[in-house]
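Every value quoted in this text rests on a predicted model; they were computed, and no experiment measured them.
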Amino acid sequence: MNSKWSLRNHPVIANIMIIGVVAIIGLVILYLWLNIFTRHGEWETVPGVENMSFTNAINKLHSAGFRTDIRDSVYNEEIMPGYVVEQFPKPGSKVKPGRKVFLYINAVHPREYIIDSDNTSPGEALKGYSLRQGLAKLEELGFRKVNVVRVPGENDRIIRLMANGKTIGKMQKVPVNTLITVEVCDGQLNRVADSLLEEEYMQYVTEVEEDGSDFSNDDNFDEDPVFVQ
């Protein structure tokens, strides 16, 4: 009987050893590949391109080895149209070479919004709204140039909205940088009417006193006059 040990005589152990060696070789290859692919230990500084034109920003980032992606367009009156408003990663950040840089570009034209989307009936935008409701709606949509003009009226309800001298209608799109004029009633008419009634009554009382009339004997005069508003 041959007592010499041999892998041929132990195929299970041989397979386990082969699998172990292959796994170790695979891990070494994977580690080396990851180091090459991710450029382990290599860093690049992201150049700043904010407030630059879109074309110049793209050229600068590509020259530095970075990729670019336009994430969104915003509108800022303080920045030239077509210029970079913001970037991510921020200027000076340490990132991997070839990293994608996201750019936010200032739109050439401002965004337009529908102030009053009630399409159930035609008419003027926000007509009949209270001044507080109307101003809140405009602020929510992003309108910052708002001028309030008060005209004689019974309450503080909006009469109409105007842009560039024209009345804004329902379902009408308006650029967000437009100057909006809000015409609203000043609520003075009721107070004026009350003042006139009181003035007429006092004049009547004065005239009666001058004539020497007795209020108590006047069948047409009520003891407790009622003011009708």
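Counting side-chain heavy-atom gaps under 4.5 Å among Ile, Leu, Val, Met, Phe, Trp and Tyr, the cluster of I18 also holds V22. Other members of the cluster containing L103 are V46, V49, M52, F54, I58, L61, F66, I70, V84, V95, V101, I105, with ILVMFWY side chains joined at under 4.5 Å, either directly or via other members.
Proximity of a side-chain donor or acceptor of N106 to a complementary backbone N or O of M80 within less than 3.5 Å is detected.
Not counting sequence neighbours, the partners of Y129 by the side chain to side chain contact (heavy atoms under 4.5 Å, CB included) test are D116, L126, Q133, I158.
Taken from CZ in F88 to NZ in K100, the straight-line distance is 13.5 Å, to the nearest 0.5 Å. Rounding to the nearest 0.5 angstrom, the gap separating the CE atom in M171 from the CD1 atom in I114 is 4.0 Å. The OG atom of S93 sits 8.0 Å away from the CD atom of Q87 when rounded to the nearest 0.5 Å. In this structure, CG on N147 lies 10.5 Å from CD1 on I180, to the nearest 0.5 angstrom. Note that CZ of F102 and CZ of R71 are 4.5 Å apart. Values are rounded to the nearest 0.5 Å. Between the OH atom of Y83 and the CD atom of E50 there is a distance of 14.5 Å, given to the nearest 0.5 Å.
Classification of E124 and R160 as a salt-bridged pair fails, no side-chain N sitting under 4.0 Å from a carboxylate O. The pair E139-R144 does not count as a salt bridge, with every side-chain nitrogen at least 4.0 angstrom from each carboxylate oxygen.
Within the 4.5 Å cutoff, no side-chain heavy atoms of K170 are placed close to those of S117. Taking the side chain as every heavy atom from C-beta outward, R111 and P175 never approach each other to under 4.5 Å.
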**Q.** side-chain hydrogen bond (donor to acceptor under 3.5 Å, both in side chains) between T45 and K94, intermediate numbers included
**A.** CA-CA 5 Å; T45 302; K94 301 292 184 180; 2.7 Å; yes

(Q) side-chain contact (heavy atoms from CB on, under 4.5 Å) for V148 and L131? Distances and angles first, verdict last. (A) CA-CA 9 Å; V148 178; L131 178 60; 4.2 Å; yes

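There is a path of hydrophobic side-chain contacts, each under 4.5 Å, that joins I168 to L138. By the criterion of side-chain heavy atoms lying less than 4.5 angstrom apart, applied directly or through intervening Ile, Leu, Val, Met, Phe, Trp or Tyr residues, F143 is not grouped with I159; the two fall into different hydrophobic clusters. Grouping the Ile, Leu, Val, Met, Phe, Trp and Tyr side chains by contacts below 4.5 angstrom, directly or via other members, places L161 with V146.
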